[in-house]
Each structure stands twice: as C-alpha cells, then as structure tokens.
Amino acid sequence: MTDISRGALSAELEKDLQNAPTTHAGLLEWVRDVAALTEPDRIYWVDGSEEEYNRLAQELVDAGTFVRLSDHEFPNSYAAFSDPDDVARVEERTFICSQTEEGAGPTNNWRDPVEMKQTLTGLFKGSMRGRTMYVIPFVMGSLKAKNPKMAVEITDSAYVVCSMRIMATIGKDVLAKLDETQGFFVKALHSVGAPLEPGQADVSWPCNPEKYIVQFPETREIWSFGSGYGGNALLGKKCYALRIASVIGHDEGWMAEHMLILKVTNPEGVTRYISAAFPSACGKTNFAMMDPTIDGWKAEMVGDDIAWIEFDENHQARVVNPEAGLFGVAPGTGYSTNPNAMKAISKGNTIFTNVALTDDGSVWWEGKTDEAPAHLTDWTGKDWTPESGRPAAHPNSRFCTPASQVDMLAPEYYDPEGVPLSAIVLGGRRKTTVPLVSESDSWEQGVFRAVTLSSETTAAAKGAVGVVRRDPMAMLPFIGYNAGDYFQHWIDLGKKHGAENMPKVYYVNWFRRTPDGSFAWPGFGENSRVVKWIFDRLDGKGGGTQTFLGTVPTKEDLDLTGLSISDEELNAALAVSKDEWVAELPGIDEWLAKFGDKLPAEVKAERDALAQALEN
Ligand code: GTP
Ligand code: SPV
Ligand code: MN
C-alpha cells in the first residue's frame with residue numbers, strides 16, 4: 001500500500017479534484033484537505049439528480065446495504081438494516097467543543113477543541129480507504145431565502161447521500177449558488193470509520209464501535225465519525241439545523257428549535273399556525289400530520305421535526321421548516337394512527353431502516369397493522385413469527401420520505417418567508433403529574449415550563465428507556481451552547497419583541513396513564529380537541545380554570561362530541577394534582593441548580609411563584 005502523507009494526493013485524486021465542478025476556492029481547499037487526510041479511492045461530487053439517486057441506490061443493493069422492495073406497496077423504495085450497535089443517536093458520544101468548557105455548559109459533553117481535532121484527525125486518517133468520498137453541497141431551508149443556510153457534507157456513505165437527497169435540498173443548484181457567492185458554508189465531515197484494505201470485502205452496514213458526533217460552535221463545523229445512522233450521520237438534521245443553528249440563532253437573534261409546525265383552519269375558515277416541541281419519539285411527526293376528528297377542522301403540515309423562528313419588523317414570530325423530508329419513527333405508524341404518513345410513504349421513494357421484511361417483498365413494523373403477518377424476517381435478519389416474543393422492527397426504526405409526498409402539506413411550506421406563529425406547544429411523555437393541556441399566563445411562565453420540560457426517555461437515543469429526565473424545550477441533546485445562555489435567549493427575545501408579541505405557550509401530555517396503566521387520552525386525531533381549545537383560547541373564546549400551572553380546561557371546556565372516553569380516563573387526563581407537583585418540585589430545583597448564575601432571574605421567579613402556590 002502506498003502511504004499518502006497529509007497534504008499530498010494520489011494522481012487519481014488529483015485528477016478528481018482538477019475535474020471538480022466548482023470554482024469555490026474555500027470548498028476546493030477543504031475537499032483537498034479532507035481527501036489528503038482520509039485517503040479515499042475517489043472523490044465524487046453529488047449533483048442531486050434522480051438518475052444519480054437511482055444509480056447509488058442500485059450500488060447499495062449490490063453491496064447488500066439496501067433491499068429493493070416490491071413495488072406493490074411502496075414503489076421505488078428500499079429497506080436498510082443497520083449494525084445492531086448503530087441504531088440511534090449516541091448522546092454520550094456527542095460533544096460541543098466550544099473554546100471554553102463554560103461555552104458548552106452543564107448539559108453538554110465538552111472537550112477542548114484543539115485536543116478534539118487532534119483525536120479526530122487521528123481517527124479520520126485513512127478512514128475512507130477503499131471507499132468513495134462523496135461531496136454533498138446542501139442547503140437547509142430554501143435556496144431562495146434571503147440568507148440561505150449553505151453547507152457541504154463530505155461522507156463515505158452512499159446511504160447518507162441517498163438519505164440526504166430526501167431530507168435536504170442538495171446538489172448542482174446549491175453548488176451553483178456557492179460558486180456565485182463564493183460565500184460561507186458549514187463544513188460537515190462524516191465517515192463511517194471503516195476503511196477497506198485492498199481486497200477486503202465490505203459489510204452491509206459499515207461503522208466503527210468508536211463514535212464521535214462533534215460540533216465546533218465557533219467555527220460552525222461538524223465532524224462525525226463511526227456511525228451511519230440518522231441524526232449521527234445525516235448532518236443537516238440535528239447537527240446543523242439544531243446544534244450549529246442554535247448557536248447562529250443566538251448570535252443573530254433567531255431561534256432553532258426541535259418543533260413541528262402545524263397549520264390549523266377552523267370551520268369559519270380562520271387559519272393559525274402553531275409549533276410544538278416534544279422530545280424525540282414523543283409525537284411530533286404524528287401531531288404534525290394529524291387528521292382532526294372534530295367536524296369542520298382542517299390540519300395541514302408545515303414541518304414535523306425542526307423549526308427556525310425569526311421575528312419580522314412588526315415583532316411577529318415567523319417560522320420555517322428547514323427540512324425537505326421526514327425521518328419518522330415507523331413503529332406506531334399505521335392507517336388508524338397516522339394515515340397521512342401512510343399515504344405519503346405509499347407513494348414510494350422511501351428508505352426504510354431497521355423495519356422487518358415481509359415474505360412478499362414489502363416491510364412491516366409494530367403498529368403498521370393491528371395484526372402481525374404470520375411470518376417476517378426481523379430487522380436483524382432472523383425469522384420472526386408473532387410468537388417470537390420480540391419486536392420485529394427496531395423500536396427506533398424509521399421511514400425517510402420526501403415532504404412533497406405529504407398530501408396535507410401546507411403550500412406555505414415552500415415559502416421562504418415562513419408562516420406567522422401564534423402558539424408554542426410544549427410536551428413530553430409523563431405517566432403522571434402533567435395534565436392534558438395547560439396555558440401559561442405569560443411568556444416568562446411559558447419559558448419556565450419549557451426550561452423544566454420533562455419526559456420519559458425513548459429508543460430514539462441509545463440508553464435506558466422510560467426514565468424521566470428534564471429535556472428543556474425538548475432540546476437537551478441539541479442545544480449547541482450553554483443551556484443557561486439558551487434559556488436567557490428565550491427571555492431576551494421576549495424583552496426585545498415584547499412579551500405580548502411572543503407566541504402563547506401551552507403544555508400538553510398525551511401519555512398520562514389511568515390507575516390501571518393504560519393511556520388516559522386516546523391521542524392522535526383526537527388531539528384535535530386540544531388544538532381546538534388552544535385555537536379558541538387564542539381567539540379569547542375558550543373557557544378554563546386558573547391553576548398554579550396556568551389555565552386548564554375542565555371537561556365542559558373541551559369539545560368531546562362523539563368521543564368515547566370514560567369519566568375515569570378523562571379525570572386522569574385532566575387532573576391537576578397539588579400532591580404530584582409538590583413531589584415534582586425537588587426534581588425541578590435540582591435541575592435548575594445546575595445552571596447557577598446563568599439561570600435567568602425570570603425563570604427563578606416563576607419557580608418561586610410555583611413553590612408559593614403549592615404552599616397555599
Ligand atoms: P422523533 O422523530 O424521534 O423526533 O419523534 P417524534 O416526536 O416525531 O414522535 P412520533 O410522532 O414519531 O411518535 C413517536 C411514538 O409515539 C410513535 O410510536 C407514535 O405512535 C407514538 N405517539 C405519537 N402521538 C401519540 C399520541 O397522541 N398518543 C399516544 N399514545 N402515542 C402517540
Ligand atoms: C430524533 O432522535 O429526534 C430524530 C431521529 O428525529 S435522528 O434524526 O436520529 O435525530
Ligand atoms: Mn419525528
């Protein structure tokens with residue numbers, strides 16, 4: 001093997017660079033540096049065309065990474081199966097490498113950026129040997145935005161290229177824009193960390209047991225090593241559109257949030273837009289795609305995972321969805337729960353990861369149909385029957401599908417100016433304590449409730465499932481800087497634009513249980529009843545009762561027409577229990593103490609008001 005030292009390139013790579021379809025000097029220099037470091041066999045510039053997608057997908061089929069599905073249910077679609085150790089985001093391997101440790105704050109893993117670059121440089125050295133290095137120019141949000149959010153991902157995974165084509169705007173047009181401006185772009189470097197020696201056979205899901213998901217906030221750089229999965233590898237998503245964008249938003253006066261965006265139209269034809277921050281696998285995609293069960297109400301999706309919120313000259317919050325696709329949780333997605341997602345993926349052009357294969361060349365996951373097929377090949381490749389006693393699909397299995405295939409996508413999704421935002425809904429999974437819905441009295445109280453948002457952990461991240469943890473603004477794993485400064489940013493935006501101009505804040509819980517352990521609230525399309533209450537409250541119409549959590553509806557305040565729900569269930573869903581909140585307060589205090597001087601005074605004051613109310 002020839003040993004290529006850093007700085008020099010093989011003749012083949014030198015030729016690939018000469019033929020590069022760009023004049024962007026900074027981009028060429030970076031690509032050269034990365035190629036010299038990672039030593040791929042070739043450099044390939046992704047143009048984003050359909051022909052290219054089909055070709056790469058076929059290569060993935062030939063490599064055993066993709067299984068091409070039968071066209072009868074999901075045309076032009078593929079299933080991929082990951083390494084069993086590479087199935088979710090890895091929060092303990094995620095780092096915010098700001099100049100100072102304080103910059104990363106008490107909620108992030110931090111390493112000195114110089115040391116981290118050294119470590120990563122060692123790992124990336126030769127890491128693409130035997131592979132193709134793909135260069136993916138991409139933009140999050142519209143290329144027609146005033147200030148398009150440009151980036152380039154370099155990756156050695158064709159699975160990542162195909163997935164990025166669904167999740168973002170990629171390729172030729174983006175590169176042309178970069179060439180035209182010679183402007184700034186976020187450098188997002190990814191390697192699965194599995195170099196191939198000459199003659200070495202590849203595996204179907206190359207990855208490395210050692211994983212690093214690293215953000216350098218000051219230089220807006222991302223280095224991701226060792227994982228091929230989801231948010232670890234599709235760097236436009238959580239790494240850029242949340243971690244790096246939250247830093248840019250802090251500097252520039254806007255917000256990058258882990259929120260869906262929903263357009264709601266009432267029977268009178270009045271439209272409002274609301275966003276909702278729920279932690280991973282807590283219902284964003286389902287809420288964004290809901291089919292209202294109440295007559296005359298219409299819901300349309302603007303976004304299902306990420307929201308960028310700016311303020312216009314009238315201090316009106318305006319929000320865009322920066323993504324082009326959905327990377328949705330498969331389990332629990334079926335015609336009875338999320339028909340709009342089923343319709344979207346049924347149009348095909350979808351990549352499934354870690355679902356089960358049916359005997360007729362299609363895919364299945366828990367909740368797709370009420371009854372499981374008699375035989376499946378599970379996500380690990382083993383035979384499966386309903387008696388197997390284990391899930392056929394991984395709990396964090398996903399469908400990756402273009403947003404344009406969603407029939408109920410609001411036309412405003414395509415508007416780079418975004419939509420005006422009336423309300424921010426917070427939520428999480430709590431078996432107890434948190435009522436179905438409450439309305440904060442003020443922006444500051446809303447920020448307090450966002451800071452103390454709590455949820456039971458899910459399979460979307462590696463680690464224990466079902467453990468209650470604080471997940472502020474549903475952003476715990478995604479805040480790219482000191483969380484105390486991030487809370488302050490929310491408070492400061494309220495001061496700058498006027499608390500009365502800020503979206504009203506609500507807090508929901510679809511996951512409360514009855515004493516027998518079942519869900520108290522039916523959820524999904526029935527959540528439209530909560531949306532109606534919120535909508536009416538925004539119009540100054542809906543009734544409610546003042547509590548220490550703000551205003552909550554009684555049974556009479558909710559439209560429950562046609563809903564079959566027992567009194568016991570309804571009471572369990574709506575209950576505001578002082579005892580439960582007295583028990584909750586020590587956990588809140590322990591959490592707030594983490595932020596020391598950085599905890600905004602307004603948040604502390606709201607905590608004191610809650611404690612006071614609980615004493616009376
Ligand atoms: P990420 O994409 O990981 O950020 O997750 P998400 O927030 O988009 O969650 P998603 O909508 O995919 O829902 C996650 C799981 O919660 C799925 O299994 C859903 O079926 C389930 N779920 C969603 N909404 C509801 C609801 O209203 N009630 C109940 N009981 N379950 C729900
Ligand atoms: C999440 O975990 O919030 C997801 C999946 O949406 S991932 O893209 O892996 O972050
Ligand atoms: Mn989702």
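Model, not experiment: these values are computed from the prediction. Hydrogens, waters and symmetry mates are skipped; everything else that's a heavy atom, side chains included, is used. For ligands, and for the atoms within them, numbers begin at 1 and follow the listed sequence.
For the ligand labelled ligand 1, residue E526 lies outside the 4.0 Å heavy-atom shell. Residue contact check for ligand 1: G367 places no non-hydrogen atom closer than 4.0 Å to it. In this structure, D305 is part of the shell of residues with a heavy atom less than 4.0 angstrom from ligand 1.
The side-chain tip of R430 does not point at the ring of F511 from less than 6.0 angstrom away and within 45° of straight on. By the 6.0 Å and 45° rule, R398 does not stack over the aromatic ring of F352. A cation-pi arrangement is absent between K263 and Y273, since the terminal nitrogen or guanidinium carbon is not both under 6.0 Å from the aromatic centre and inside a 45° cone about the axis.
For the pair L60/Y78, no side-chain contact is recorded, criterion being any heavy-atom separation below 4.5 Å from C-beta on. Counting only heavy atoms from C-beta outward, the side chains of Y413 and V406 never approach each other to under 4.5 Å.
Residue side and main chain included, S280 places no N/O/S atom under 2.8 Å of the Mn ion (ligand 3).
Atoms of ligand 1 found under 4.0 Å from any heavy atom of P331, numbered from 1 in the order shown, are 17 (C), 18 (O). Interface atoms of ligand 1 facing G332, defined by a heavy-atom separation under 4.0 Å, are 18 (O), 20 (O). Of all atoms in ligand 1, listed by their number and element, those nearer than 4.0 Å to a heavy atom of T285 are 6 (P), 8 (O), 11 (O). Against a heavy-atom cut-off of under 4.0 Å, K237 is close to the following atoms of ligand 2: 6 (O), 8 (O). Residue contact check: H258 has heavy atoms under 4.0 Å from atoms 3 (O) of ligand 2. Against a heavy-atom cut-off of under 4.0 Å, R429 is close to the following atoms of ligand 1: 15 (C), 16 (O). Close approach to P279 involves these atoms of ligand 1, each under 4.0 Å from a residue heavy atom: 7 (O). Here is the list of ligand 2 atoms found below 4.0 Å of a heavy atom in G231: 7 (S), 8 (O), 9 (O), 10 (O). Per-residue contacts place N286 under 4.0 angstrom from the following atoms of ligand 1 (heavy atoms of the residue considered): 10 (P), 11 (O), 12 (O), 13 (O), 19 (C), 23 (C), 24 (N).
Remark: K298 NZ is loosely packed, at most 12 non-hydrogen atoms of other residues, nucleotides or ligands lying under 6.0 Å away. Atom CG of D516 sits in a crowded spot, with more than 12 heavy atoms from other residues, nucleotides or ligands closer than 6.0 Å.
Taking 4.0 Å as the cut-off between side-chain N and carboxylate O, K187 and E221 do not count as a salt-bridged pair.
Among the atoms of R89, some N or O lies under 3.5 angstrom from an N or O of ligand 2. For K284, no nitrogen or oxygen atom sits less than 3.5 Å from a nitrogen or oxygen atom of ligand 2, counting backbone and side chain alike.
Nearest heavy atoms, M140 versus A168: SD-CB, 3.9 Å.
Remark: aromatic rings of H250 and Y481 are close, center separation under 6.0 Å.
Neither the backbone nor the side chain of L260 has a heavy atom within less than 4.0 Å of ligand 1. At a 4.0 Å heavy-atom cut-off, ligand 1 touches C282 through the backbone alone.
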Apply the test salt bridge (charged side-chain N to carboxylate O under 4.0 Å, His left out) to residues E73 and K368: give CA-CA distance (whole Å), side-chain angles for both, the deciding distance (0.1 Å), then the verdict.
CA-CA 13 Å; E73 193 178 12; K368 181 184 173 221; 2.8 Å; yes

Determine, step by step, whether N338 and T333 satisfy the side chain to side chain donor-acceptor pair (under 3.5 Å) criterion, reporting the C-alpha distance in whole Å, the side-chain angles of both residues, the deciding distance to 0.1 Å, and the verdict.
CA-CA 6 Å; N338 193 344; T333 306; 5.3 Å; no

What verdict does the salt bridge (charged side-chain N to carboxylate O under 4.0 Å, His left out) test give for E323 and K237, after you've listed the backbone C-alpha separation in whole Å, the side-chain angles of each residue and the deciding distance to 0.1 Å?
CA-CA 8 Å; E323 298 194 280; K237 198 170 173 53; 3.0 Å; yes

Between K284 and D305, is the salt bridge (charged side-chain N to carboxylate O under 4.0 Å, His left out) condition met? List the steps.
CA-CA 6 Å; K284 286 183 301 300; D305 195 52; 3.8 Å; yes

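The option from W521, W510, F511 that lies nearest to atom 31 (N) of ligand 1, judged by heavy atoms, is F511. The option with the heavy atom closest to atom 5 (O) of ligand 1, from among A88, A520, A281, A276, is A281.
Among all protein heavy atoms, the one lying closest to atom 2 (O) of ligand 1 is R398 NH1, 2.9 Å. In terms of protein heavy-atom proximity, atom 4 (C) of ligand 2 is closest to K238 NZ, 3.0 Å. Looking from atom 26 (C) of ligand 1 to the surrounding protein, the closest heavy atom is F524 N, 3.7 Å. Counting only heavy atoms of the protein, atom 9 (O) of ligand 1 lies nearest to G283 N, 2.8 Å. When hydrogens are left out, the protein atom nearest atom 6 (P) of ligand 1 is K284 N, 3.3 Å; that is the closest non-hydrogen contact. Looking at atom 3 (O) of ligand 2, its nearest protein heavy atom turns out to be S280 OG, 2.4 Å.
In this structure, Y240 and F138 have perpendicular ring planes: the angle between them is above 60°, well past the 30° mark.
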